[in-house]
Amino acid sequence: MNLLLVDGEADNIKNFRAHIRGAFPNIRIVGHFSEIGGDLQKVVRDSKPDIILSDIRFFGGLHFVRFKEIHEEFPDVRFLMYGTFNESDYMKRGRDFGVLDFMYRPVKPSDLNRCLEFALDNFKKTQESRKKTRNMENSYQQRIFQYEEIFLRTLLDGDIDRENEIRNGFEYFNIPFETDFSVFIVRIDHYKKIALALSEMEKHMRIINVLTVVRGMLRDYKAKSFIRSFHEIPVILNANLTVEEKVLLGDRIKHTIHERTGTRCTIGIGRTYPTPMEISISTREADAAFGYRYRMGYHAVIPIEFVEPDNTITFRYPHARERRLVYSAVVGDYEYSKGLLSELFNALAQSGPMPENLIAKIVMTIVFRISRYISEQNLPFASEVARYFPTGDILKLITIDDGYTFLDKSLRDFCNFVGKYHTKDSLRLHIAAKRHIQEHFFENFSIARIAVKLGTTPETLNKVFMEREKVMLFDYVMWVRVQQAQKHLAESATEEDIIAVQVGFDDVKYFRSIFKKYNGETPAEYRARSQSS
């Protein structure tokens, strides 16, 4: 550990230097500074100390200004200060600016030893922490490509839903993407059959060889590719290419893969979109193109424009949002449902003109899924769906605005109904839980076991008791046990340790502490008072 001595008196510096050299051989004194008003920061910059041992008077009246200046430039440097008793408040407040400890003048050897030992311990811990941080940073840098692949995977899956977050990812991973994005998916043909004849290493090497060819073919393009599975490589291409140009590029890629690796692949290609938010749309289109291999053939290049030229809706439609909408409706969360509904219909509005009757069919599908999910959960209000989402009204829906307005009102009314149902169910659960506790209070307490018994979760049970009893379930059980103990204490001469076991406590000391906490007096005091009255 490196130490810098700062004091206006040469004798003090001399004495500190002699003591430290004799008692602390593992502390290296890198210099001293005694020029009051001089450029201490330059000395710190040149000598690079870990600790500055200093008289607080050296800093004059501007203690905190000087501390702050040094601490801001050298945040890792720490201070050991000494001064008079009247200056202790200043030294204590200096902790915000790197002061580790302080002593009073005249500095005793024992106080100096204490402070230096504390500084050494702090230095050791800091060094260990820095080493761990460096190791973590090194480990992170060695695995940076894995984190890039995670980012790209979530981007393709549509799990990143803010454009600035995508742009930040591009910048962080040094991906030079700008505008015009399309996705190619390279998929090994008949992989399940091929894999039966391959060892694990051979499967790995096959997809690695395919990836090597793909990256070589795209060297002159702005593109990112990675292995998504043993048989599939997605490619994000950042280039403004026509459909014909994409087909020609895909054709060259598949032929080169076959020539160099002996592997036959089919390539699905999505449309080109201007923003990175739409990369996931192109991914869904490229994936859907594989469904037409029965007609287009294997070892082919299949752009979505060839097989679904007029479909601009299916792949933009946020199916994941629809699933969440269904779940949130069934649990009665209207506010969340409304937000999801807005996202869903905004996506539809960006998809272009709606084919005739499509809005009615979309709304009908959502309602059907709500009804199905209710039935799958065996909830008792499945028949209510038809009342809140009348089929006759759905069939009349024509425009996007019609569909949004209908669903918004219906969801609000339905969620209000579900909320009332859950309130009644909460009351039922509360009564059942209280009955169970009254009958089993003497058993070992386990909120998980009670929850399983009642067909709910510990979190729900605690929420119910907080709403209706204003206490957590544990506190309610303890209160019931104390009530039972009161009866035994008031009506019998049974020993306290026996009563403790009878009401569910294995430890009589714990029983006494709980009893006093909930009753305000010890079991003995309660017995004496209740039996004397």
Side-chain angles (χ1 to χ4, degrees), residues 142-161 166 169 173 175 177 181-219 221 223-238 246 249-271 276 278-294 296-304 307-308 314-315 318-320 323:
Q142 292 169 6
R143 293 174 170 81
I144 190 71
F145 72 94
Q146 295 176 340
Y147 298 112
E148 181 184 295
E149 288 187 3
I150 292 172
F151 165 72
L152 294 174
R153 189 186 302 273
T154 55
L155 178 60
L156 292 171
D157 292 342
D159 293 334
I160 308 178
D161 55 9
I166 298 174
F173 293 110
I175 300 173
F177 285 178
F181 305 92
S182 56
V183 174
F184 288 39
I185 295 179
V186 180
R187 189 173 294 173
I188 296 176
D189 291 336
H190 309 295
Y191 178 75
K192 289 184 179 180
K193 294 180 180 178
I194 294 172
L196 295 175
L198 299 177
S199 67
E200 288 302 309
M201 187 180 76
E202 288 171 333
K203 286 191 288 187
H204 300 168
M205 292 308 300
R206 179 172 293 246
I207 195 65
I208 288 171
N209 289 335
V210 172
L211 177 64
T212 302
V213 174
V214 170
R215 287 180 172 172
M217 295 294 293
L218 296 172
R219 191 171 288 116
Y221 295 87
K224 279 290 179 180
S225 54
F226 62 95
I227 297 171
R228 185 155 69 172
S229 68
F230 286 148
H231 73 296
E232 184 176 285
I233 293 170
V235 177
I236 303 175
L237 188 67
N238 179 207
K246 288 191 291 186
L249 176 59
D251 207 51
R252 290 199 302 270
I253 291 172
K254 74 178 179 66
H255 282 304
T256 305
I257 291 172
H258 186 242
E259 288 172 3
R260 296 182 185 176
T261 70
T263 304
R264 297 170 68 87
C265 297
T266 297
I267 300 178
I269 303 177
R271 291 182 176 88
E278 295 167 302
I279 289 174
S280 60
I281 299 171
S282 188
T283 303
R284 289 192 283 271
E285 291 174 338
D287 190 63
F290 288 102
Y292 292 88
R293 282 183 296 187
Y294 74 95
M296 308 294 285
Y298 283 81
H299 196 49
V301 176
I302 312 174
I304 196 68
V307 291
E308 296 190 32
T314 300
F315 310 109
H319 296 278
R323 288 193 294 271

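What you see below is based on every heavy atom in this structure, not just the backbone, and it leaves out hydrogens, waters and symmetry mates. Not measured: the values here are computed from a predicted model.
When all heavy atoms of Val235 and Ala223 are compared, the pair lying nearest together is CG1-CB, 4.2 Å. Residues Ser280 and Asp157 approach most closely at CB-C, 4.3 Å, considering heavy atoms. Of all heavy-atom pairs between Ile281 and Phe315, the closest is CG2-O, 3.8 Å. When all heavy atoms of Ala195 and Lys203 are compared, the pair lying nearest together is CB-CD, 3.9 Å. Between Phe177 and Asn238, the shortest heavy-atom contact is CA-OD1, 3.1 Å. The minimum heavy-atom distance between Phe151 and Phe173, with the atom names listed, is CB-CE1, 3.7 Å.
In this structure, OH on Tyr298 lies 7.5 Å from OG1 on Thr266, to the nearest 0.5 angstrom. One distance of note links CZ of Arg215 with CZ of Arg219; it measures 11.0 Å at 0.5 Å rounding. Atom OG1 of Thr283 sits about 4.0 Å away from atom CG of Leu156, to the nearest 0.5 Å. Note: Cys265 SG to His255 NE2 = 12.0 Å, rounded to the nearest 0.5 Å. How far CD1 of Ile227 is from CD1 of Ile208: 5.0 Å, rounded to the nearest 0.5 Å. With rounding to the nearest 0.5 angstrom, the CD1 atom of Ile166 is 8.5 Å from the CZ atom of Phe181.
The closest side-chain heavy-atom distance from Arg228 to Ile185 is below 4.5 Å. Within the 4.5 Å cutoff, no side-chain heavy atoms of Asp189 are placed close to those of Thr263. Using a 4.5 Å cut-off on side-chain heavy atoms (C-beta onward), Pro234 and Phe226 make contact. For the pair Thr261/Arg206, no side-chain contact is recorded, criterion being any heavy-atom separation below 4.5 Å from C-beta on. Counting only heavy atoms from C-beta outward, the side chains of Tyr221 and Leu237 approach each other to under 4.5 Å. Proximity of Asp251 to Leu249: side-chain heavy atoms (C-beta onward) are nowhere separated by under 4.5 Å. Side-chain contact between His299 and Ile267: absent, with no pair of heavy atoms (C-beta onward) separated by less than 4.5 Å. Within the 4.5 Å cutoff, no side-chain heavy atoms of Ile257 are placed close to those of Asn209.
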>> For a side-chain contact (heavy atoms from CB on, under 4.5 Å) check, start with the C-alpha distance between Ile175 and Ile236, then their side-chain angles and the critical distance, and finish with the verdict.
In response: CA-CA 11 Å; Ile175 300 173; Ile236 303 175; over 6 Å; no

>> For Ile269 and Ile302: C-alpha separation, side-chain torsions, deciding distance, then whether side-chain contact (heavy atoms from CB on, under 4.5 Å) applies.
In response: CA-CA 6 Å; Ile269 303 177; Ile302 312 174; over 6 Å; no

> Would Val214 and Thr256 satisfy side-chain contact (heavy atoms from CB on, under 4.5 Å), going step by step from the backbone distance to the final call?
Replying inline: CA-CA 9 Å; Val214 170; Thr256 305; over 6 Å; no

>> Test salt bridge (Lys or Arg N to Asp or Glu O under 4.0 Å) on Arg187 and Asp287; report intermediate values, then the result.
In response: CA-CA 10 Å; Arg187 189 173 294 173; Asp287 190 63; 2.7 Å; yes

> Can you check salt bridge (Lys or Arg N to Asp or Glu O under 4.0 Å) on Lys224 and Glu148, steps first, answer last?
Replying inline: CA-CA 10 Å; Lys224 279 290 179 180; Glu148 181 184 295; 3.1 Å; yes

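Side-chain N or O atoms of Lys246 include one that pairs as donor or acceptor with a backbone N or O of Gly270 at under 3.5 Å. Judged by distance alone, the side chain of Glu285 and the main-chain N or O of Ile304 form no donor-acceptor pair under 3.5 Å. Side chain of Glu202 to main chain of Ser199: a donor-acceptor pair is present (N/O by atom type, distance under 3.5 Å, no hydrogens or angles). Looking only at distances, no side-chain donor or acceptor of Arg271 sits under 3.5 Å from a matching main-chain atom of Ser282.
Checked by atom type, the side-chain pair Glu232/Tyr191 shows no donor-acceptor distance below 3.5 Å.
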